[in-house]
Amino acid sequence: MSITIGSKFAFHLNQRTDALLQFEVAALPEQHVVDSETQIGGGIEFTKVPAQDDIGERLWLRATGRIEVNYRAKVETDRMLAPLDQLDALPLKDLPGEAVQYLFDSRYCRADAYQTLVESEFAGTQGGTRIAAIRDWIANSFEYSPGASDVGTDASDSFIARRGICRDYAHVLILLARASAIPARYVACYAPGVTPQDFHAIAEVFLADPEIQGGGTWQLVDATGMADLSKAAKIGIGRDAADVSFLTTFGPMQFLSSSVHVTED
C-alpha cells in the first residue's frame, strides 16, 4: 500500500541561528520512499546527519529571517504487525544494547515513580498483554484536547490531567511501559486518518519475537487509536519528543505556521 505526504512549515529567526530539522520519512525495510522532494525557501544550504539509532536523518541549517520548508513524498509500506497480547516480555538480561537505553528515564518520561502504580493498576498482566492494557486504559481515560499541553508538559503532567494530544498520549504509554520494565520509545510519523492532520506521535515497545527464539521485535502502539499502524510512515525515533522534534533551534525563534496532508493512494 502507498501513501502520499505533503508537509510544510515556516519559522522566523531574528538573527543568524543554527536549526536542526527532522521531517523526512526514514528509509527502512518496512517502508520504501518511492519519491520525495525537500525545498527550503531562499536557497538555504543544509547538511544531513544520521538521526537517533540511524533511523532517518536530521537536517542542519544556519540562517536568518523567514524560513519556509516544503516536503512531499510517496511511500510504500509493508509492515507486519503482531497482536500485542500474543507477545511475551523478554527477560531483561536478554535485551540487546539498542533496547536497554529505552528502559531509562528521559526528559519527558520519568518512570521510576510509577513502578508500584503499574503493578497495582495492571496486576495479572505482563509483556504485550500489559502494553495492550495500558493502551486501552489511556484511550478510555484520556480526553484528546488540542491546546491542553505545551512544550513543557511531561508525562506526569499528562497522567494527572488525563488529557492532551498525541504527543502526550505517547509519553504516558512510554512512561507506564518503562515502569513495567518494557523498553519503550517515541516515534514521530506521518499517518492517514489522523484528525487533525499533523505530525503524529506514537510509541514503540520492545517485546519477544514470536518467530525467533530469544529474539526481540519493536512493535508500534498508538494510544489515540487514530493511526492505521500498517500505513504509518516513520520519520524518526527517540527517548521522547525532545529527541525527534521536527524543529529545534539553538537560539530565539518565532514559529509561524505548519500544515500536513497524508492521503492513501
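Keep in mind that this is a model prediction, so the values were computed, not measured. Just so you know, these numbers use all the heavy atoms, side chains as well, and skip hydrogens, waters and symmetry mates.
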Note to self: If you apply the rule salt bridge (charged side-chain N to carboxylate O under 4.0 Å, His left out), what do you find for K74 with D35, and how did you get there?
What the structure shows: CA-CA 5 Å; K74 182 174 182 177; D35 181 46; over 6 Å; no

Of all heavy-atom pairs linking V75 and I5, the shortest is CG2-CD1, 4.0 Å

Query raised in the report: Heavy-atom distance under 4.5 Å between the side chains of R107 and D240, does that happen here?
Result: yes

Does the side chain of R130 come under 3.5 Å of the side chain of T125 through a donor N or O and an acceptor N or O? yes

Donor on one side chain, acceptor on other, T4 and R72, under 3.5 Å:
no

Minimal heavy-atom distance between F46 and K48, with the atoms involved, is CE1-CE, 4.0 Å

query: Taking side chain as C-beta onward, heavy atoms only, is L103 less than 4.5 Å from L95?
result: yes

Verify the cluster assignment for L84 and V187: are they in a single hydrophobic cluster under the rule of side-chain heavy atoms below 4.5 Å apart?
-> no

In I131, L87, I134, the residue satisfying side-chain contact (heavy atoms from CB on, under 4.5 Å) with V205 is I131

In this structure, CG of L21 is separated from CD of E57 (nearest 0.5 Å) by 13.0 Å

OG of S259 to CZ of F199, rounded to nearest 0.5 Å, is 8.5 Å

Of all heavy-atom pairs linking I237 and E204, the shortest is CG2-OE1, 4.0 Å

TODO: Take Q197 and V262 through the side-chain contact (heavy atoms from CB on, under 4.5 Å) test and state the conclusion after the steps.
DONE: CA-CA 7 Å; Q197 271 289 350; V262 184; 3.6 Å; yes

task = Spell out, yes or no, whether I138 and L117 are grouped together once hydrophobic residues are joined by side-chain heavy atoms under 4.5 Å, including indirect joins.
result = yes

If you count the non-hydrogen atoms of other residues, nucleotides and ligands that lie under 6.0 Å from CG in D78, is the total more than 12?
no

CG (L220) and CG (D228) are apart, to the nearest 0.5 Å, by 11.0 Å

What one should report as the nearest heavy-atom pair of R178 and S106 is NH1-OG, 3.0 Å

Give me the ring orientation class for F142 and W137: parallel if the planes are under 30° apart, tilted from 30 to 60°, perpendicular past 60°. perpendicular

Q) Hey, quick one: are V100 and L207 part of the same hydrophobic cluster, counting side-chain heavy atoms closer than 4.5 Å, chains of contacts allowed? A) no

V194 with V172, same ILVMFWY side-chain cluster at under 4.5 Å
yes

Check: Looking at side-chain heavy atoms only, is the closest gap between L256 and H12 below 4.5 Å?
Finding: yes

Considering only heavy atoms from C-beta outward, does the side chain of L92 approach that of L90 to under 4.5 Å?
no

Open item on the list: With no hydrogens and no angle check, just 3.5 Å: does a side-chain donor-acceptor pair link R79 and S230?
Closed with: no

Take atom CD of Q213 as the centre, draw a 6.0 Å sphere, and report whether it contains more than 12 heavy atoms from other residues, nucleotides or ligands.
no

N/O donor-acceptor pair under 3.5 Å between T17 side chain and L13 backbone: no

task: Check whether any side-chain heavy atom of Q15 lies under 4.5 Å from a side-chain heavy atom of P252, and answer yes or no.
output: yes

Review point. Above 12 or not: heavy atoms from other molecules or residues under 6.0 Å from CZ of R239?
Key: no

Separation between CG (D88) and CG (D209), nearest 0.5 Å, reads 11.5 Å

Is E121 atom CD crowded by more than 12 heavy atoms from other residues, nucleotides or ligands, each under 6.0 Å away?
yes

* Asked: Would you find a donor on one side and an acceptor on the other, under 3.5 Å apart, between the side chain of T153 and the backbone of D150?
  -> yes

**Study point:** salt bridge (charged side-chain N to carboxylate O under 4.0 Å, His left out) assessment of E143 paired with R162
**Key:** CA-CA 6 Å; E143 175 190 355; R162 299 287 204 275; over 6 Å; no

Kindly indicate, with the supporting measurements, whether the criterion side-chain contact (heavy atoms from CB on, under 4.5 Å) is fulfilled by K234 and Q31.
CA-CA 8 Å; K234 291 184 186 178; Q31 56 185 49; 3.7 Å; yes

Exercise. With a 4.5 Å limit on heavy-atom distance, are the side chains of D157 and S149 in contact?
Worked result: no

Evaluate the side-chain proximity of N70 to E68: yes if any heavy-atom separation is below 4.5 Å, no if none is.
yes

Between V33 and A26, the two heavy atoms sitting closest are CG2-O, 4.1 Å

To the nearest 0.5 Å, atom CD1 of I202 lies from atom SG of C189 at 4.0 Å

| field | Side chain D222, main chain A227, donor-acceptor under 3.5 Å | value | yes

* So, Y144 versus T224: side-chain donor-acceptor pair below 3.5 Å or not? -> no

Rounding to 0.5 Å, atoms CD1 (I235) and OH (Y190) come to a distance of 4.0 Å

- Task: Report yes if the distance between the aromatic ring centroids of F23 and F9 is under 6.0 Å, otherwise no.
- Result: yes

Less than 3.5 Å apart, any donor N or O on the side chain of Q219 or T217 sitting next to an acceptor on the other? yes

Treating D136 as the side-chain partner and A133 as the backbone partner, does any N or O pair qualify as donor plus acceptor under 3.5 Å?
no

Could you tell me whether the side chains of D198 and H200 share a donor-acceptor contact shorter than 3.5 Å? no

Q.
Applying side-chain contact (heavy atoms from CB on, under 4.5 Å) to H171 and F159, what does each step give before you reach the verdict?
A. CA-CA 9 Å; H171 278 162; F159 181 87; over 6 Å; no

- Mind checking whether L229 and F206 sit in one hydrophobic cluster, side chains of I, L, V, M, F, W, Y counted as touching below 4.5 Å? yes

Residues P183 and W218: closest non-hydrogen pair is O-CZ3, 3.9 Å

Fill in: Residue pair Y169 / S158, side-chain donor-acceptor N/O under 3.5 Å
no

Counting C-beta onward and ignoring hydrogens, is there a side-chain heavy-atom pair between R16 and R62 closer than 4.5 Å?
yes

Compute whether any side-chain donor of one residue and acceptor of the other, for S36 and E24, lie under 3.5 angstrom apart. no

Checklist entry - Any luck finding a side-chain donor-acceptor pair between D243 and Y108 under 3.5 Å? => result no

Test log, rule side-chain contact (heavy atoms from CB on, under 4.5 Å), inputs F122 and S180: CA-CA 9 Å; F122 306 105; S180 303; 5.7 Å; no

